[in-house]
Asks: 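I am attaching a structure below and will ask some questions about it afterwards.
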Amino acid sequence: MSVFKALVLTRILSMFSSMFSKSRVGKKRGLAFKLLIGFVAIYTIGAIGIMFGLLFESLCVPLYNAGLSWLYFSLMGILVMGIGFVGSIFAAQTQLFEAKDNELLLSMPIPSHMILASRISILLLMNYLYEAFVVIPAGIIYIIHQEVTVIGVIFFILIALLLPFMVLAISCLFGWLLGWITSKLRYKNIFTLIFSLVFLVVYLGIYSQIQNYLKLLIENGETIARAIEKTMPAIYHLGNAIEEESIISFIIFALFSLIPFILVYIILSKNFIKIVTSNKGVAKIRYQEKSLKVSNAKAAFIKKELRFFFSSPMYILNASMGAIFMLILSVVLVIKKEMLMQILIEIPQIDIYLSGVIIAGLCLLATYNIISAPSISLEGKRLWIARSLPIDAGEILLSKAKSHIVICMPAVIVAATTCAILLPMTALQVILLYLLPSVVTIFTGLFGVVVNLHFPKFDWISETTAVKQGLSTMISMFGSFVIISIPILLYMFLLISHINLEWYLFICFILFVTLSYGLYKYLVTKGKRMFERL
């Protein structure tokens, strides 16, 4: 048990070390930064909680009046399963079957089933976290509107504890299947990326129609309830156990949760060594003699950054969401132009401020591109290679910002061009539509490198830690978002009646050109000296 405890604690500590531990450059995270992390965490949790609270608020009373209170809890269970599955399927693949320290741990006198149990325990904790975002608002809303009993609360808590086991069983099976499929493909990164993007598009499609689905649910509650009762017995008994305080329903739900999990764990534990040590290679590409292309050192560094970025679906999906959303926005604008125009026409004075809304939206989306923010941290143990090369350290830092710009700028151009063609704008507004989001993209690329230079993290176990959990990525995203939001809010609440919109946008353009130049000068002077000391 002490070995199992050590394995679990090691995983947990590695997850939080990127934010709170001492970095390689010797800077200990101060109280101010810990408070910042706490504030951001509280804000994020509060925003998600309010979102789900409003969702359950719209369901609670109508379902109760229709005599379908059990459906309220069943829908809660469906949401938990959906969010948990999406949130843990890729984690199951990487943490269980493709973790980089699998072979190291298997070489030690540690039973393979204990290694597997420790990994599953971390996934279980993750699922409890995902579940809390749904279950807590659902419980609070129900308590506000309906009477509750002690037995009902006990069943509610027990079911909340059991539900993630069902989710985890499904996630582990699909993660295993996904890993097996990608191991047989030559271009598995492309497959993983497309698979993830399909998930994203489906999620956005469902979320965009959530109001229609809620209306349909309320209007056809009885029909939907009967369908769930017949086709999803586990979900039906989940709701019935809480609402009717039925021990039989609780036992049935518990069996549906625990038996699949136990079976999956037994299967994986019996085959764990074989799964993680099997040769998953595909047929290698036959060598063909080609002429050698030579490029200068600056171009070589940019190409290196680009190759690394496009070789990692995890990096693409987590660091370029702004560019992805810009492309999705362009497609939606082409397909749903008439619907969007009808919505816009109903907004007062939209013809005056349309260009400002579009430009502000593209600028805010640009802040969700954080490609450069973990770029120094991702060097990891390879940092000495970059530092030992006969090239100016400032150029190395700029290559990371340039790669960010090269990746993100096409999406800005596509989105701006689509808006310019399909939406009514003057020539000056079209020019600003290209200029301002472009300079904001340059600013975010430089800003991410500067932030990562001050808060690097090289002792990560997985690249995912550097990209998703690094302090620099959080500061870069939220910091740039705040910086972009300030002039937007300033105009909306103070200057809207005092200055022409186009003039204000031009002033903002000059401001971000100045800020970008200041960041550029910082990187090639003080920044390069800091890089040399890393």
Asks: Step by step, would you call Val412 with Leu362 a side chain to side chain contact (heavy atoms under 4.5 Å, CB included)?
Replies: CA-CA 7 Å; Val412 174; Leu362 293 182; 5.6 Å; no
Asks: Would you name the heavy atoms of Leu68 and Ala225 that are closest together and state the gap between them?
Replies: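 Scanning both residues, the minimum pair turns out to be CD2-CB, 3.9 Å.
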Asks: Just jot down the salt bridge (charged side-chain N to carboxylate O under 4.0 Å, His left out) partners of Arg226, sequence neighbours excluded, or say none.
Replies: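 Partners of Arg226 by the salt bridge (charged side-chain N to carboxylate O under 4.0 Å, His left out) criterion, ordered by chain and then number, come out as Glu222, Glu229.
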Asks: Could you give me the CA-CA distance, side-chain angles and deciding distance for Asn452 and Ser377, then say whether side-chain hydrogen bond (donor to acceptor under 3.5 Å, both in side chains) is met?
Replies: CA-CA 7 Å; Asn452 198 202; Ser377 297; 2.9 Å; yes
Asks: Please enumerate all residues that pass ring pair (Phe, Tyr, Trp, His ring centres under 6.0 Å) together with Tyr265, with sequence neighbours excluded.
Replies: none
Asks: Using a 4.5 Å cut-off on heavy atoms from C-beta on, say whether the side chain of Ile159 contacts that of Phe73.
Replies: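 The answer is no, as the side chains (C-beta and beyond) never meet within the 4.5 Å cut-off.
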Asks: Would you say CD1 of Ile247 has more than 12 non-hydrogen atoms from neighbouring residues, nucleotides or ligands within 6.0 angstrom?
Replies: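 No, the 6.0 Å shell around CD1 holds no more than 12 heavy atoms from other groups.
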Asks: Name each donor-acceptor pair under 3.5 Å that joins a side chain in residues 321-333 to protein atoms two or more places apart or in another chain, with its distance.
Replies:
from   : atom 1 : to     : atom 2 : distance (Å)
Ser330 : OG     : Met326 : O      : 2.9

Asks: May I ask you to test the Leu378-Pro374 pair for a side-chain heavy-atom distance under 4.5 Å?
Replies: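 A side-chain contact under 4.5 Å exists here.
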Asks: Between atom OG1 of Thr444 and atom CD1 of Ile483, what is the distance when rounded to the nearest 0.5 Å?
Replies: 10.5 Å
Asks: Is there a side-chain contact between Ser485 and Leu364, using heavy atoms and a 4.5 Å cut-off?
Replies: yes
Asks: Of all heavy-atom pairs between Val451 and Ser476, which one has the smallest distance, and what is that distance?
Replies: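 Reported closest heavy-atom pair: CG1-N, 4.3 Å.
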Asks: Apply side-chain hydrogen bond (donor to acceptor under 3.5 Å, both in side chains) to the pair His404 and Glu305, showing each step before the final yes or no.
Replies: CA-CA 9 Å; His404 175 109; Glu305 297 290 333; over 6 Å; no
Asks: Answer whether the closest heavy-atom distance between the side chains of Val135 and Phe156 falls below 4.5 Å.
Replies: yes
Asks: So, do Leu268 and Cys172 sit near enough that their side-chain heavy atoms are less than 4.5 Å apart?
Replies: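 A side-chain contact exists here, since the closest heavy-atom pair is under 4.5 Å.
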Asks: Roughly how far apart are Leu238 CG and Leu162 CG, rounded to 0.5 Å?
Replies: 9.5 Å
Asks: Using side-chain heavy atoms (C-beta onward) and a distance below 4.5 Å, is Tyr72 in contact with Ile242?
Replies: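 No - every pair of side-chain heavy atoms lies 4.5 Å or more apart.
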Asks: Hey, mind stepping through Phe308 and Ser375 against side chain to side chain contact (heavy atoms under 4.5 Å, CB included) and telling me if it holds?
Replies: CA-CA 10 Å; Phe308 180 77; Ser375 57; over 6 Å; no
Asks: If you look at every heavy atom in Ile358 and Cys419, which pair is closest and at what distance?
Replies: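 In this case the closest contact between Ile358 and Cys419 is CG2-SG, 3.7 Å.
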Asks: To the nearest 0.5 Å, what is the distance between CD1 (Ile136) and CZ (Phe56)?
Replies: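 Those atoms lie 11.5 Å apart.
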Asks: Do the ring planes of Phe309 and Tyr315 sit parallel (below 30°), tilted (30 to 60°) or perpendicular (above 60°)?
Replies: perpendicular
Asks: Hey, what do you get for CD (Glu245) to CG (Asn240), rounding to the nearest 0.5 Å?
Replies: 11.0 Å
Asks: With side chains defined as the heavy atoms from C-beta onward, is the minimum distance between Leu123 and Ser171 less than 4.5 Å?
Replies: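 Heavy-atom side-chain distance check fails, nothing below 4.5 Å.
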Asks: Would you say Met166 and Phe261 make side-chain contact, with heavy atoms under 4.5 Å?
Replies: no
Asks: Among residues two or more places apart or on two chains, list those pairs meeting ring pair (Phe, Tyr, Trp, His ring centres under 6.0 Å) that have a residue in residues 224-260.
Replies: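 The answer is Trp70-Tyr236, Phe155-Phe250.
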Asks: Please walk me through it: do Met126 and Tyr130 pass side chain to side chain contact (heavy atoms under 4.5 Å, CB included)?
Replies: CA-CA 6 Å; Met126 289 174 55; Tyr130 297 143; 3.4 Å; yes
Asks: Which heavy atom of Ala373 sits nearest to which heavy atom of Thr473, and what is that distance?
Replies: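 The answer is CB-CA, 3.9 Å.
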Asks: For residues His145 and Cys60, report the shortest heavy-atom separation together with the two atoms involved.
Replies: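 That closest heavy-atom pairing would be CB-SG, 3.9 Å.
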Asks: Please report the shortest heavy-atom distance between Ser372 and Gly448, naming the atom on each side.
Replies: OG-CA, 3.4 Å
Asks: Can you tell me how far the CD1 atom of Ile259 sits from the CG atom of Leu255, to the nearest 0.5 Å?
Replies: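 That separation rounds to 4.5 Å.
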Asks: Could you go through residues 76-85 and list every donor-acceptor pair under 3.5 Å that involves a side-chain atom there, pairing it with any protein atom two or more places apart or in another chain?
Replies:
none

Asks: What is the distance from atom CD of Glu57 to atom CG of Leu54, rounded to the nearest 0.5 Å?
Replies: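 Spacing of CD (Glu57) from CG (Leu54) equals 7.5 Å.
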Asks: Of all residues at least two apart in sequence or in a different chain, which pass the side-chain contact (heavy atoms from CB on, under 4.5 Å) check with Leu129?
Replies: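 With sequence neighbours excluded, Leu129 shows a side-chain contact (heavy atoms from CB on, under 4.5 Å) to Phe133, given in chain and number order.
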